[in-house]
Amino acid sequence: KIQLAESGGDSVQAGGSLRLVCEASGFMFIRASFGWFRQAPGKDREGVAGIDSYDDPIYAASAKGRFTVSKDNNKSTLYLDMKNLKPEDSGMYYCAADLRRFGGDWQLLKGEYNYWGQGTQVTVSS
């Protein structure tokens with residue numbers, strides 16, 4: 001069974017940092033492409049960052065320079081390191097996996113993924 005489990009969400013003050021973790025199982029992690037998404041209350045789920053099987057990252061404009069996506073193939077774990085957090089970064093963060101394709105701009109589109117985690121909450125206060 002394919003599973004994705006996020007953790008690491010917390011409440012922090014603006015300017016703070018967090019590391020989100022997504023532990024994966026049930027598929028060949030090294031061949032997959034991944035995305036990190038967030039959803040604030042009343043808003044659409046938006047792509048924040050992605051990383052493909054070649055470890056090439058992609059970032060939304062809002063995340064560039066502040067967020068870093070990485071993965072450890074030996075641990076089947078995906079990470080999102082976030083620094084200089086802003087209140088507008090608040091929301092539920094989800095990881096998603098695609099087992100079929102190489103990376104590209106599609107990685108930031110929520111409709112392109114079949115597998116999702118349950119989410120972890122990030123709250124940034126001003």
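Only this structure's heavy atoms are used, side chains among them; waters, hydrogens and symmetry mates stay out.
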>> Please determine whether residues Leu99 and Val69 belong to a single hydrophobic cluster, defined as Ile, Leu, Val, Met, Phe, Trp and Tyr linked transitively by side-chain heavy-atom distances below 4.5 Å.
In response: yes
> Quick one: which of Thr120, Leu18, Leu20 gives a side-chain contact (heavy atoms from CB on, under 4.5 Å) with Leu80?
Replying inline: Leu20
>> Can you pull out every ring-ring contact (aromatic ring centres under 6.0 Å, His included) where at least one residue sits in residues 11-33? Sequence neighbours excluded, please.
In response: Phe29-Phe34
>> Among residues at least two apart in sequence or on other chains, which ones pass side-chain hydrogen bond (donor to acceptor under 3.5 Å, both in side chains) with Lys86?
In response: none
>> Taking Leu78 as the starting point, is it possible to reach Phe37 by hopping between hydrophobic residues whose side chains are less than 4.5 Å apart?
In response: no
> Going hydrophobic residue to hydrophobic residue with side-chain gaps under 4.5 angstrom, can you get from Met92 over to Val12?
Replying inline: no
>> Testing the basics here: between Pro87 and Ala14, what is the closest heavy-atom pair and its distance to 0.1 Å?
In response: CD-CB, 4.2 Å
>> Under the rule for side-chain hydrogen bond (donor to acceptor under 3.5 Å, both in side chains), what residues qualify as partners of Gln118, not counting sequence neighbours?
In response: none
> Given the rule in the side chain to side chain contact (heavy atoms under 4.5 Å, CB included) test, do Val122 and Met82 qualify, once you have shown the distances and angles that lead to the verdict?
Replying inline: CA-CA 11 Å; Val122 172; Met82 306 185 293; 4.0 Å; yes
> Looking at CG of Asp56 and CD1 of Ile51, how far apart are the two atoms once the value is rounded to the nearest 0.5 Å?
Replying inline: 8.0 Å
> Between CH2 of Trp36 and CD of Glu46, what distance do you get to the nearest 0.5 Å?
Replying inline: 14.5 Å
> Which pairs count as side chain to side chain donor-acceptor pair (under 3.5 Å) when at least one residue sits in residues 4-26, sequence neighbours excluded?
Replying inline: Arg19-Asp81
>> With rounding to the nearest 0.5 angstrom, report the CG to OG1 distance, Leu85 to Thr123.
In response: 11.0 Å
>> Applying ring-ring contact (aromatic ring centres under 6.0 Å, His included) as the test, list every pair that has at least one member in residues 59-104; sequence neighbours left out.
In response: Tyr54-Phe102
> How would you list all residue pairs meeting side chain to side chain donor-acceptor pair (under 3.5 Å) that involve residues 102-117, not counting sequence neighbours?
Replying inline: Asp44-Lys110, Arg101-Glu112
>> Under the salt bridge (charged side-chain N to carboxylate O under 4.0 Å, His left out) definition, can you give me all pairs with a residue in residues 58-80, not counting sequence neighbours?
In response: Asp55-Lys71, Arg66-Asp89
> What pairs meet the disulfide (SG to SG under 2.5 Å) rule with one or both residues in residues 97-126, with sequence neighbours excluded?
Replying inline: none
>> Side-chain heavy atoms under 4.5 Å apart, restricted to Ile/Leu/Val/Met/Phe/Trp/Tyr: what other residues fall into the cluster of Met28, or is it alone?
In response: Ile30
>> If the condition is side-chain hydrogen bond (donor to acceptor under 3.5 Å, both in side chains), which residues does Gln39 pass it with, not counting sequence neighbours?
In response: Arg45
>> For residues 82-126, which residue pairs pass the disulfide (SG to SG under 2.5 Å) check, not counting sequence neighbours?
In response: Cys22-Cys95
> Sequence neighbours excluded, which residues qualify as salt bridge (charged side-chain N to carboxylate O under 4.0 Å, His left out) partners of Glu88?
Replying inline: none
> Quick one: CZ on Arg100 to OG on Ser33, what's the gap to the nearest 0.5 Å?
Replying inline: 10.5 Å
